[in-house]
Amino acid sequence: MNKSTKRIIALVLMLVLAFSLTACGGGVTANDAKMLVQGNLDELYLGKFDADYLKLVDSTEEESQQSYLDGLEVEAEVFAYYFDIENLTDELKAEIVDLYKEIYAQSKYTVGDASKLDESTYAVKVTVSPLDIFVLVDDVFDDAMQPFYDKYAAVDTSAMSDAEYDAYDKEWAETVIALCQSKLPEMGYLEDRSLVIQVTLDEDDYWTMSGDDFYNLDEIIIEYP
């Protein structure tokens, strides 16, 4: 996947989850800014919702749970694009969502204290240990997929009927998903990376995480080779 496409998908994810990335303006402290970043990440990647965070962003656990699930569905779209799955059926999407639940459950990041830069900006350092699941998959991908390649080596897929091609695409998807699932027990972390997240007061009097900073962080939570 090229970086521009990953960026577009990350920005779509931001739009889907926009309400949960905000806190009402006025009286926001450095601790609030740290809580906002910690809560955003815990919601998006771990499906965890601290009561103080929910109060800060004026949300409910049900709304945050829906945001978490919406984010996983966007990640399923990322997965389908990355692995050339053309027909992302509801059944396949559910399988991929379950896969990402297991992957993201192992997310590792540390949110530092917030530093006030000026009246409308806080800076929060976040250190991420990128997950290596797709690096592991990439290392064995061609060998693992060889039986599938061999099965269809003499088949002209362009001559398939729609139903035949859908079955072919589904078999490809299921084989890729199974490969990824097989690597879950081996999943670990790559070298830590740190970046600074800015929390800023926007023109509507809401404190939000910077969109560019969120994209940069989202890009390293899981390493896509």
Side-chain angles (χ1 to χ4, degrees), residues 1-3 5-10 12-14 16-17 37-50 64-65 67-85 88-112 125-149 169-195 197 213-225:
M1 177 185 297
N2 61 60
K3 289 188 176 181
T5 302
K6 174 64 175 174
R7 181 181 180 83
I8 290 170
I9 294 173
V12 170
L13 175 60
M14 283 186 58
V16 169
L17 306 174
V37 173
Q38 182 76 57
N40 289 170
L41 302 188
D42 289 350
E43 176 182 297
L44 297 177
Y45 300 119
L46 301 179
K48 292 171 55 178
F49 324 112
D50 178 82
S64 291
Q65 177 68 22
S67 290
Y68 169 64
L69 295 175
D70 289 344
L72 292 173
E73 291 199 356
V74 172
E75 290 295 350
E77 300 282 351
V78 173
F79 185 95
Y81 187 93
Y82 190 81
F83 287 108
D84 295 321
I85 298 168
L88 185 59
T89 63
D90 289 344
E91 179 185 356
L92 288 174
K93 181 179 286 188
E95 290 184 45
I96 298 169
V97 163
D98 286 342
L99 173 66
Y100 272 95
K101 283 181 180 178
E102 293 192 62
I103 294 172
Y104 275 139
Q106 302 304 316
S107 297
K108 185 188 293 186
Y109 46 81
T110 302
V111 178
K125 182 179 178 180
V126 179
T127 300
V128 176
S129 302
L131 289 158
D132 66 355
I133 179 68
F134 295 122
V135 175
L136 298 176
V137 169
D138 186 65
D139 286 344
V140 300
F141 191 81
D142 287 340
D143 287 342
M145 299 300 290
Q146 194 60 51
F148 180 90
Y149 297 144
D169 186 62
K170 181 179 179 181
E171 184 178 348
W172 166 263
E174 294 282 11
T175 306
V176 171
I177 293 168
L179 172 58
C180 294
Q181 290 170 333
S182 75
K183 289 298 178 181
L184 287 172
E186 302 173 36
M187 183 172 62
Y189 305 94
L190 301 173
E191 184 176 354
D192 286 358
R193 297 175 63 181
S194 296
L195 69 168
I197 301 291
D213 293 345
F214 171 74
Y215 160 70
N216 291 332
L217 185 145
D218 183 67
E219 192 176 40
I220 64 174
I221 287 286
I222 300 174
E223 178 69 19
Y224 285 86

Next item on the list: Locate the shortest heavy-atom distance separating Leu88 from Ala76; write the atom from each residue and the value.
Entry: CD2-O, 3.9 Å
Check: So, for Met187 and Gln106, which heavy atoms are closest and what is the spacing to 0.1 Å?
Finding: CE-CG, 3.5 Å
Next item on the list: Output the distance between atom CG (Leu69) and atom OH (Tyr100), rounded to the nearest 0.5 Å.
Entry: 15.5 Å
Check: How far apart are the C-alpha atoms of Lys183 and Glu186, what are their side-chain angles, what is the distance that settles it, and do they pass the side-chain contact (heavy atoms from CB on, under 4.5 Å) test?
Finding: CA-CA 5 Å; Lys183 289 298 178 181; Glu186 302 173 36; 3.3 Å; yes
Notebook entry, point to check: Of the non-hydrogen atoms in Ile133 and Cys180, which two are nearest, and what is the gap between them?
Noted result: CD1-O, 3.8 Å
Next item on the list: Return the set of residues passing ring-ring contact (aromatic ring centres under 6.0 Å, His included) with Phe49 (not counting sequence neighbours), or none when no residue passes.
Entry: none
Margin query: Checking the side chain of Tyr189 only, and the main-chain atoms of Lys108 only, is there a donor and an acceptor separated by less than 3.5 Å?
Written below: no
Notebook entry, point to check: Taking the side chain from Tyr104 and the backbone from Ile222, do they hold a donor-acceptor pair closer than 3.5 Å?
Noted result: no
Notebook entry, point to check: Sequence neighbours excluded, which residues qualify as ring-ring contact (aromatic ring centres under 6.0 Å, His included) partners of Phe148?
Noted result: Tyr152, Tyr168, Trp172
Check: Shortest non-hydrogen contact from Asp84 to Asp169?
Finding: O-OD1, 4.0 Å
Note to self: Test side-chain contact (heavy atoms from CB on, under 4.5 Å) on Glu75 and Val78; report intermediate values, then the result.
What the structure shows: CA-CA 5 Å; Glu75 290 295 350; Val78 173; 3.8 Å; yes
Margin query: With a 6.0 Å cut-off (strictly less than), is the heavy-atom count around NZ of Lys170, excluding the residue itself, greater than 12?
Written below: no
Next item on the list: Check whether the side chains of Tyr215 and Glu219 place a donor and an acceptor atom closer than 3.5 Å, and report yes or no.
Entry: yes
Next item on the list: Using the six-membered ring wherever Trp is involved, compare the ring planes of Phe79 and Phe134 and label them parallel, tilted or perpendicular (cut-offs 30° and 60°).
Entry: tilted
Notebook entry, point to check: So, for Gln65 and Gly47, which heavy atoms are closest and what is the spacing to 0.1 Å?
Noted result: OE1-O, 4.5 Å
Item checked: side-chain contact (heavy atoms from CB on, under 4.5 Å) evaluation trace for Val135 with Asp138 -> CA-CA 5 Å; Val135 175; Asp138 186 65; 5.6 Å; no
Checklist line | Gap separating the CD atom of Gln181 from the CD atom of Glu102, nearest 0.5 angstrom | finding: 7.0 Å
Margin query: Give me the atom names and distance for the closest heavy-atom approach of Thr127 to Ser194.
Written below: OG1-OG, 2.9 Å
Notebook entry, point to check: Going by heavy atoms in the side chains, are Glu174 and Leu92 under 4.5 Å from each other?
Noted result: yes
Notebook entry, point to check: What distance separates Leu46 CG from Leu41 CG, expressed to the nearest 0.5 Å?
Noted result: 8.5 Å
Next item on the list: Using atom types as modelled and distance alone, determine if a side-chain donor or acceptor of Asp132 lies under 3.5 Å from a backbone N or O of Gly188.
Entry: yes
Next item on the list: Check the pair Asp218 / Leu44 against side-chain contact (heavy atoms from CB on, under 4.5 Å), numbers first and verdict last.
Entry: CA-CA 10 Å; Asp218 183 67; Leu44 297 177; over 6 Å; no
Checklist line | Residue pair Leu131 / Tyr45, side-chain heavy-atom distance below 4.5 Å | finding: no
